[in-house]
Number of protein chains: 2
Amino acid sequence: MVTIADVAKHAGVSPSTVSYVLSGKRSISEQTRSRVEESISALGYHPHAGARSLASSRANVIALVLPLRTDMHVPILMQFATSVVTAAREHDHDVLLLTNDEGPDGLRRVARSALVDAVIVMDIELNDSRVPVLREVGLPAVLIGFPADPAGLTCVDWDFVAAAARCVDHLADLGHREIAFIGPPSAVFARGTGFAQRTTSGFESAVARRGVRATVRPCDPSHSAVRDTVKRLFDDHPALTGLIVHNEAAVAPLLETLRGLGRHVPQHVSVVAMCPEDLAGQVSPRLTAVPIPAEEIGRRAVELLMGKLERAAGVPPATLIAPHLLPGESTAAPPA
Amino acid sequence: MVTIADVAKHAGVSPSTVSYVLSGKRSISEQTRSRVEESISALGYHPHAGARSLASSRANVIALVLPLRTDMHVPILMQFATSVVTAAREHDHDVLLLTNDEGPDGLRRVARSALVDAVIVMDIELNDSRVPVLREVGLPAVLIGFPADPAGLTCVDWDFVAAAARCVDHLADLGHREIAFIGPPSAVFARGTGFAQRTTSGFESAVARRGVRATVRPCDPSHSAVRDTVKRLFDDHPALTGLIVHNEAAVAPLLETLRGLGRHVPQHVSVVAMCPEDLAGQVSPRLTAVPIPAEEIGRRAVELLMGKLERAAGVPPATLIAPHLLPGESTAAPPA
DNA sequence: CTGAAAGCGCTAACAT
DNA sequence: ATGTTAGCGCTTTCAG
């Protein structure tokens with residue numbers, strides 16, 4: 001293995017000089033620096049991660065805790081993960097993948113063993129068992145989502161309240177007077193996931209503000225559940241002209257059901273989706289959507305974490321990513 | 001931080017004894033062992049990963065290289081990833097997540113820096129640029145998929161040849177005499193991904209063996225492409241009664257198209273899918289499928305890797321995971 | 001601007 | 001069956 005001593009010898013300097021060239025923690029003459037850099041690439045030197053971590057108490061690795069559970073939309077998880085890895089690499093960090101089956105102990109283990117310097121925890125529940133562990137081990141963390149008591153934590157999430165409101169405003173602006181919200185399965189609400197409740201409350205305050213008649217329906221992702229929900233919705237509310245769907249798995253069945261019912265989109269009924277951008281673009285007609293910016297959330301989480309690692313202070317405790325509307329072909333003015 | 005010296009002092013033994021209790025590399029009296037173990041848990045001791053890696057040249061971390069590209073079915077990727085993490089943890093290893101955008105350099109970096117001991121590389125192409133790097137740095141590796149020249153490598157994959165044959169046999173056993181294969185987009189073939197070609201050849205030799213008339217069609221995942229492909233298929237082959245689909249994104253559109261054409265499944269046409277088990281179960285009717293065992297492949301990859309790490313020899317160079325047929329409601333005898 | 005040297009916490013000979 | 005100790009490769013004082 002090529003060590004820092006090999007590089008030092010090859011460049012005719014001391015090991016510490018090589019170390020300082022690498023870290024930039026003290027000034028080096030231009031001449032020395034370039035000689036060292038040449039030696040580094042000539043020998044193909046890479047510092048030993050363990051030795052570095054031992055000497056500096058910084059592993060340059062962050063952990064990413066993903067839920068194993070698959071009731072979340074998987075492609076979104078994956079987008080998160082890749083954006084976290086990409087962003088971490090830009091800050092010279094690697095990413096250790098943890099699943100939730102080790103539970104809170106997994107966090108304790110990687111923290112105490114100094115395997116990682118910090119952690120990003122996804123899929124936060126209102127009363128999350130991992131939060132106490134985070135406080136206990138003092139591991140710098142960024143949570144994606146908000147627990148019931150976020151005091152002392154750094155959290156980032158999409159602004160679900162604003163996202164739901166944006167959907168309502170879009171439909172109201174087009175002239176719709178009666179709309180419905182097709183949400184996640186009721187199990188998601190039951191689990192105590194904050195986002196579902198925030199979305200609903202954003203929807204409800206927006207419809208109140210706009211004076212629009214509205215209905216909220218949770219919906220299971222199966223084809224038949226979607227069909228039943230939609231049919232009952234139109235039976236109960238014949239004047240319904242606008243739908244907001246916040247349920248990835250329900251998107252395709254919803255469109256198919258509407259087609260089956262002879263209700264054309266957007267001539268008879270408008271549809272706005274809160275879903276990943278690629279899903280919105282894949283279906284026909286292309287959906288007007290308020291896309292979930294997974295990539296941006298992942299990147300922001302990494303940036304917040306790096307902020308905590310470097311400055312410790314001045315990192316905002318709560319970050320809400322603003323939604324934006326992506327126009328598609330699924331919304332129009334309601335029929336006269 | 002709690003160190004091994006703290007534990008040693010607390011238990012009244014030497015540091016090396018603590019180390020040996022942990023590693024089991026020499027025999028310890030029952031008395032000493034239990035005293036040490038009590039101290040360990042009393043103090044909440046976890047060995048420092050960096051120190052351990054430095055002293056033993058074993059990081060107990062493996063890298064998992066995932067393709068960033070999203071033209072692969074994402075949930076499968078995720079299943080792989082979680083099964084790799086779970087299996088690795090059972091062998092006391094952690095998993096570092098790498099994406100392909102660092103390319104071969106990423107592998108070189110993690111290997112040279114001793115960040116990881118070994119690597120699992122997914123989505124292997126026939127002429128994969130990462131293979132030379134693996135040979136160059138001598139990093140123990142398991143490839144998921146086969147490159148054109150697998151000499152000296154350890155590869156594991158699903159037996160696509162047998163899987164395609166299994167589909168053909170199932171339809172032929174039911175009495176179908178004319179079938180078609182709806183495959184991945186032609187871009188996948190063009191990219192030099194071995195599995196697409198192996199599947200096709202498995203299909204073709206099976207139909208020859210069974211004396212069944214057959215057609216092969218690549219297919220883009222868009223709804224309209226699927227519709228066109230299927231329509232043309234029935235125009236060209238009016239006697240067609242069996243379909244094999246190996247294209248996750250095409251499954252739902254295919255069923256919808258058949259419904260639109262008034263061809264009932266399985267009364268008029270039988271459908272067998274090579275796809276994840278959950279997808280097969282979600283659609284209506286529930287598909288007869290030869291499911292891709294992502295979990296098993298991931299687990300097996302880890303086991304092979306651990307074998308290489310421990311024994312270096314005796315690890316089989318090629319492992320093919322046998323397919324099995326999962327009966328559903330989408331296949332039956334052809335109409336009389 | 002650069003060197004020398006003391007550890008960081010652990011493992012694995014080498015002792016006994 | 002257990003203790004002693006010399007590193008593993010790097011960072012970071014402390015000196016100059």
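Note that the structure is a prediction, hence the values are computed from the model and not measured. So you know, we letter chains A, B, ... as the sequences are listed, proteins then strands, and number each from 1.
- Using a 4.0 Å heavy-atom criterion, one finds that A/S19 contacts the bases of the nucleic acid, with or without backbone contacts as well.
- In this structure, B/M306 CE and B/E303 CD are separated by 9.5 Å, a value rounded to the nearest 0.5 Å.
- Of all nucleotides in DNA chain C, those with any atom nearer than 4.0 Å to a heavy atom of chain B start and finish, going 5' to 3', at C/dG9 to C/dC14.
- As rounded to whole Å, 12 Å separates atom P of D/dT11 from atom CZ of A/R58.
- A distance of 8.0 Å separates CZ of B/F195 from CD1 of B/I292, quoted to the nearest 0.5 Å.
- Spacing between atom CD1 of B/I4 and atom C1' of D/dT2 amounts to 14 Å, rounded to whole angstrom units.
- Rounded to whole Å, atom P of D/dG3 lies 12 Å from atom OH of B/Y20.
- If you check every strand for non-hydrogen atoms under 4.0 Å, B/T32 touches sugar and phosphate atoms only.
- The residue among B/R26 and B/A51 whose nearest nucleotide of DNA chain C lies closer to the 5′ end is B/A51.
- At a threshold of 4.0 Å, the pair A/R112-A/E136 counts as salt-bridged, since one of the basic side-chain nitrogens sits closer than that to a carboxylate oxygen.
- Listed nucleotides: D/dT12, D/dC8, D/dC10. Nearest to the side chain of A/R52: D/dC10.
- Annotation: the span from B/L115 atom CG to A/H48 atom NE2 amounts to 9.0 Å, rounded to 0.5 Å.
- Dashed line: the shortest gap from a side-chain N or O of B/S29 to OP1 or OP2 of D/dT2 is under 4.0 Å.
- Taking atom CG of residue A/L22 and atom C1' of nucleotide D/dG9, one finds them 13 Å apart after rounding to whole Å.
- In this structure, the separation between OG on A/S53 and CG on A/D117 is 7.5 Å, given to the nearest 0.5 Å.
- Between B/I28 atom CD1 and D/dG3 atom C1' the separation is 11 Å, expressed in whole Å.
- Salt bridge B/K9/B/D6: absent, no basic N to carboxylate O contact under 4.0 Å.
- The salt bridge (Lys or Arg N to Asp or Glu O under 4.0 Å) analysis of residues 34-48 of chain A, with sequence neighbours excluded, yields the pairs A/R33-A/E37.
- Non-hydrogen atoms lying under 4.0 Å from DNA chain D are contributed by B/G12, B/V13, B/S14, B/S16, all within residues 9-16 of chain B.
- Distance check: B/L309 CG to B/H93 NE2 gives 5.5 Å after rounding to the nearest 0.5 Å.
- Going from atom CG of B/L98 over to atom CG of B/L107 covers 7.0 Å, rounded to the nearest 0.5 Å.
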